[in-house]
Each structure stands twice: as structure tokens, then as C-alpha cells.
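Single-structure report; data block below.
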Number of protein chains: 2
Amino acid sequence: MARTVSERADILPLLGEVFREHGFEGASLAHITARTGLGKGSLYHFFPGGKEEMAAAVLAEIDLWFETNVFAPLRTEEDGGAAIRDMLARTDAYFRSGRRVCLVGVFALGEVRDRFAEAVQSYFARWREALADALIRIGHPAAAASEEAEDAVLAIQGALVLARALDDATVFTRTLARLERRLLQDLGDARALATRII
Amino acid sequence: MARTVSERADILPLLGEVFREHGFEGASLAHITARTGLGKGSLYHFFPGGKEEMAAAVLAEIDLWFETNVFAPLRTEEDGGAAIRDMLARTDAYFRSGRRVCLVGVFALGEVRDRFAEAVQSYFARWREALADALIRIGHPAAAASEEAEDAVLAIQGALVLARALDDATVFTRTLARLERRLLQDLGDARALATRII
DNA sequence: TGGCACCTGTACCATTCAGTACATTATTGA
DNA sequence: TCAATAATGTACTGAATGGTACAGGTGCCA
């Protein structure tokens with residue numbers, strides 16, 4: 001019996017892709033073994049809790065990635081404008097310019113949402129709040145910043161849906177470009193900011 | 001053996017809810033019989049093609065509803081502003097103010113997309129184009145109208161994702177209100193339209 | 001060289017899956 | 001009244017589902 005992959009952490013990205021493509025219910029153990037090359041023995045050795053534990057581990061890994069590379073910079077980077085531009089660039093890279101779907105979004109739409117409610121809710125809530133932080137730092141009024149952030153986060157999700165529906169990834173890149181304009185415009189003019197229509 | 005429901009058309013909405021809640025793969029015949037009250041005998045009598053035919057019929061029904069109540073008015077109603085307001089009101093009603101999910105969007109994210117690619121693609125493409133039509137009719141420049149329409153359609157999808165993820169339907173109603181402002185603002189000022197940042 | 005913890009493949013389990021076959025019952029129209 | 005058709009419940013199929021049990025193999029450290 002040849003030892004194959006070794007590290008549990010190594011297979012998390014593969015697991016993620018399976019859940020992304022098939023959803024939680026559609027991700028059968030057959031699909032998972034095919035993609036990871038691991039048999040049931042290994043799978044249940046690494047994840048005694050079965051599919052549920054696998055999905056939870058994947059969600060945790062995604063959460064950590066976004067927390068580190070997107071949310072935290074939005075909260076702490078001094079130059080808020082640069083933080084927002086970084087967010088957009090990393091979002092574009094992560095979702096492969098619209099060719100990759102958001103696992104958390106997929107889970108949110110399904111009945112699985114209830115099983116991972118805390119993780120799903122927290123992911124989007126922290127994204128929204130971190131972005132609002134950065135917007136306030138570059139001079140947006142607090143009230144508007146919150147709604148602008150929500151609008152941006154939801155636009156990213158919607159763009160992923162539409163890009164896949166139309167089989168046209170440019171929908172996603174076009175949306176990111178629009179968001180950059182929308183979020184970073186008018187930085188110097190406080191009065192325009194106060195009265196501007198979102 | 002008592003005859004129960006009778007019309008095939010009567011059970012389409014029920015079928016739709018099952019697919020909406022569980023996705024195509026997750027919608028087992030057990031779920032379907034439970035929701036519709038129809039046994040396998042009746043189900044396969046009405047839909048000899050099985051689940052695939054059921055889903056296709058549901059998609060066709062949804063398509064017809066939107067074509068009639070949303071797309072066509074956007075294209076033909078003389079008062080473009082009223083058409084857009086009607087679209088938003090009917091969208092709000094259809095999605096139960098954010099408590100109901102978009103079946104076409106759910107299908108778009110899953111692997112089922114390929115099986116119903118034509119229906120999924122056409123639904124969103126026609127929505128986008130019909131909305132762009134109305135925007136042009138109220139004075140938006142053609143180039144901007146197309147992108148504004150895409151932005152609106154994708155915002156609706158994203159709002160549904162986010163509303164369900166955060167378990168907060170107000171995300172959806174807030175988004176529709178924002179869209180109304182965004183789409184209908186500045187109607188009289190051509191110069192502002194030409195230079196406005198989307 | 002030995003032992004031991006860690007991996008891994010295989011066989012197996014009960015359950016559920018979509019779909020089929022068919023006999024039986026309702027309904028309809030002549 | 002009586003066939004013909006439409007609708008329905010039931011029993012069944014073979015395959016796939018997630019999960020368990022476990023024996024055996026592998027690498028590592030003493």
C-alpha cells in the first residue's frame with residue numbers, strides 16, 4: 001500500500017474545488033476520492049466527521065485566507081484607498097476573474113446554509129464591515145459607507161452568478177472595475193460625498 | 001385510488017419551490033412527492049422524462065412569468081421610468097422581499113448549468129437587454145445603459161445571496177431602493193448623464 | 001532489528017436514489 | 001351503460017449514497 005498525499009492541509013484546496021463545483025450535497029465521496037486520489041480509508045482518517053467535517057475545514061481555510069488577505073488589510077492598512085484596490089485585485093485573483101465560483105455563496109443559497117450558518121454569516125458580515133471601515137478612513141460618511149460596502153460585497157456575488165450564467169467572465173472584471181470607480185471616486189470633496197447618490 | 005391534484009400546471013409552482021430549496025440534485029423524488037402529494041406513478045405520468053423534464057418545465061414557467069410581467073413591459077411600456085419602477089416592484093414581490101431565492105441563479109452556480117445552459121443564459125441576457133432598452137428610452141446613453149442594466153441585474157442576484165447568507169431580508173429591499181435611485185436619477189440632465197460615474 | 005503509530009485499501013452495511021412495470025381505479029364521452 | 005383513456009398506488013430494480021470495520025502495509029524512531 002503506497003502512501004500518497006500525506007498532509008491533511010494539502011488536500012483542503014482539492015476538497016474546496018469539489019464542493020465549489022458540486023455543492024455540499026452533490027459532492028459525493030466518489031467525486032472526492034476521484035479528485036483527491038484518497039480512498040475512503042484515508043478520508044475518514046483525516047476527517048472522522050465525514051463530509052460535514054470536510055466542508056467545515058474547507059470553510060475555515062477559506063475564511064482564514066480572506067481574513068488574512070482581504071479583511072484585515074481593509075481594517076488596518078493606513079492607506080484606505082490602497083487597501084480597497086488591493087481587495088479588488090485579490091478578489092479578482094481568487095475568483096479567477098470570474099471563472100471560479102464562491103463556495104460560501106453557493107452554500108448560502110442551498111439548504112446547507114443552516115448547517116454552516118455561523119461561518120456563512122460571519123464571512124459576509126466581516127467583509128462588509130471591513131470594507132466600510134476602509135471607506136470611512138478615506139472620508140466617506142459612516143452612514144453611506146455601510147451601505148456602499150454592502151452594495152460592493154453583493155455586487156461581487158451577483159457578478160459571479162451572472163458571469164457563470166452567461167458564461168462570460170468579462171461580466172466579473174467589468175464589475176470590479178465599476179466598483180473601483182464607485183468606491184474611490186470623489187475622495188477630496190466632502191460635500192459631494194455627503195450628498196452623493198449611492 | 002382517488003384522483004388528487006389533476007392539472008399538471010397546478011404542481012409546477014410546487015415543483016419550483018422544491019428545486020429552489022434543494023437545487024436540482026438535492027431535489028429527490030422523495031422531496032417532490034412529499035411536497036406535491038403525488039406519487040411516482042402520477043409524477044412519471046405527467047413528466048415521462050423524470051426530474052430533467054420537471055426542471056425544464058419549471059424553468060419554462062418561470063421564464064414565461066418574467067417575460068410577461070417584467071421583460072416585455074421593460075421593452076414596450078411607453079413610460080420607461082414607470083416600467084423600471086414596475087420591474088422593481090414585481091421583482092420584490094416575486095422574491096418575497098428577499099426571502100425567496102432565484103432558481104435560475106441557483107442553477108447557474110451548480111453543475112446543472114450546462115444541462116440548462118440555454119434557458120439560464122437567455123433568462124439573464126433578456127433581462128439585461130430589456131432593462132437597457134428602458135434606460136435608453138428615458139434618456140440614458142446607449143453605452144452606459146447596457147452596463148447600468150448589467151449592474152442592476154447582478155445586484156439583484158447578489159442581494160438574494162447576501163440576504164440569505166446574513167439571514168436578513170432587508171439587504172434585498174435596501175438594494176432595490178438603491179437601484180431605483182441609481183436607475184432613475186438625473187433624468188433631465190443629459191450632460192450629467194453623459195459624464196456620470198456609474 | 002524490532003515495535004509502534006500512522007495511513008490506506010477493501011469489503012461490507014443499510015439507506016436512498018431515479019426510474020420502470022403494471023394492475024387498479026376514475027373519469028369521460030358516446 | 002360501457003368502453004376508452006387518464007390517473008394513480010405499489011412493488012420492484014440496479015446503482016449509488018455516506019459511513020463503518022478492520023486487516024495489512026508503511027515509515028519512523030529506538
Side-chain angles (χ1 to χ4, degrees), chain A residues 1-59 103 106-107 110-116, chain B residues 1-61 103 106-107 110-116:
Chain A
M1 287 183 192
R3 170 168 301 186
T4 56
V5 176
S6 67
E7 295 280 351
R8 180 186 134 127
D10 294 341
I11 63 175
L12 279 183
L14 298 172
L15 276 179
E17 292 308 313
V18 181
F19 283 123
R20 224 181 277 279
E21 291 167 18
H22 300 89
F24 181 79
E25 333 230 37
S28 67
L29 288 186
H31 284 136
I32 294 174
T33 47
R35 179 68 70 100
T36 61
L38 266 64
K40 289 187 180 185
S42 310
L43 249 15
Y44 276 86
H45 172 73
F46 288 125
F47 306 95
K51 270 177 72 177
E52 177 127 6
E53 187 176 343
M54 299 180 207
V58 167
L59 279 175
L103 173 61
V106 171
F107 275 25
E111 45 170 358
V112 243
R113 178 201 60 167
D114 302 325
R115 228 189 297 201
F116 302 102
Chain B
M1 287 183 191
R3 171 168 298 186
T4 56
V5 176
S6 67
E7 294 280 353
R8 181 186 133 128
D10 294 343
I11 63 176
L12 279 182
L14 298 172
L15 276 179
E17 292 308 313
V18 179
F19 284 122
R20 224 181 276 279
E21 290 167 18
H22 300 89
F24 181 78
E25 335 231 35
S28 67
L29 288 187
H31 284 135
I32 294 173
T33 46
R35 179 67 71 99
T36 60
L38 265 65
K40 289 188 179 184
S42 308
L43 249 17
Y44 277 85
H45 173 72
F46 288 124
F47 306 96
K51 268 177 74 177
E52 178 128 7
E53 188 176 342
M54 297 182 209
V58 167
L59 279 176
E61 202 213 15
L103 173 60
V106 170
F107 274 26
E111 45 170 359
V112 244
R113 178 200 60 164
D114 302 324
R115 227 188 299 201
F116 302 101

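So you know, we letter chains A, B, ... as the sequences are listed, proteins then strands, and number each from 1. Heavy atoms only: backbone and side chains are in, while hydrogens, waters and symmetry mates are out.
- Residues B/Glu52 and B/Arg115 are paired through a salt bridge, judged by an N-O separation under 4.0 Å between the basic side chain and the carboxylate.
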Taking only N/O atoms, report every protein-nucleotides 13-15 of chain D pair under 3.5 Å with atom names and distance.
none

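- Atom-to-atom, NE2 of A/His31 to P of D/dA16 comes out at 11 Å; the value is rounded to the nearest Å.
- Contacts between residues 17-28 of chain A and DNA chain C, defined by a heavy-atom separation below 4.0 Å, involve no residue at all.
- Atom CD of B/Glu7 is separated from atom P of D/dT8 by 11 Å (rounded to the nearest Å).
- Of all non-hydrogen atoms in B/Ile32 and B/Ala27, the two that sit nearest each other are CD1-O, 4.0 Å.
- B/Phe47 has its CZ atom 18 Å from the C1' atom of C/dT20, to the nearest Å.
- Using a 4.0 Å cut-off between a side-chain N of Lys or Arg and a carboxylate O of Asp or Glu, B/Glu25 and B/Lys51 do not qualify as a salt bridge.
- Between the C1' atom of D/dT20 and the CG atom of A/Leu43 lies a distance of 14 Å, rounded to the nearest Å.
- For the pair A/Thr33 (side chain) and A/Leu29 (backbone), a donor-acceptor distance under 3.5 Å is present.
- A salt bridge between B/Glu53 and B/Arg8 is present, with a side-chain N of the basic residue lying under 4.0 Å from a carboxylate O of the acidic one.
- Among residues two or more places apart in sequence or in another chain, the side chain to side chain contact (heavy atoms under 4.5 Å, CB included) test is passed with A/Val58 by A/Leu12, A/Leu15, A/Phe19, A/Ile62, A/Leu103.
- Each of B/Gly39 and A/Tyr44 lies near DNA chain D, and the nucleotide nearest B/Gly39 is the one positioned closer to the 5' end.
- The phosphate of D/dT8 has neither OP1 nor OP2 within less than 4.0 Å of any side-chain N or O from B/His45.
- Among residues two or more places apart in sequence or in another chain, the ring pair (Phe, Tyr, Trp, His ring centres under 6.0 Å) test is passed with A/His45 by none.
- Scanning for ring pair (Phe, Tyr, Trp, His ring centres under 6.0 Å) contacts around B/Phe47 gives an empty result, with sequence neighbours left out.
- B/Ser42 places no side-chain N or O within 3.5 Å of a backbone atom of B/Leu38 that could act as its donor or acceptor partner.
- What you find for B/Gly23 and B/Val106 is that their closest heavy atoms are CA-CG1, 4.3 Å.
- Here C/dT10 presents its P atom at 13 Å from CG of A/Leu38, a figure rounded to the nearest Å.
- Residues from residues 50-57 of chain B placing a heavy atom under 4.0 Å of any atom in DNA chain C, listed by number, are B/Gly50, B/Lys51.
- Side-chain contact between A/Glu111 and B/His22: present, with at least one pair of heavy atoms (C-beta onward) separated by less than 4.5 Å.
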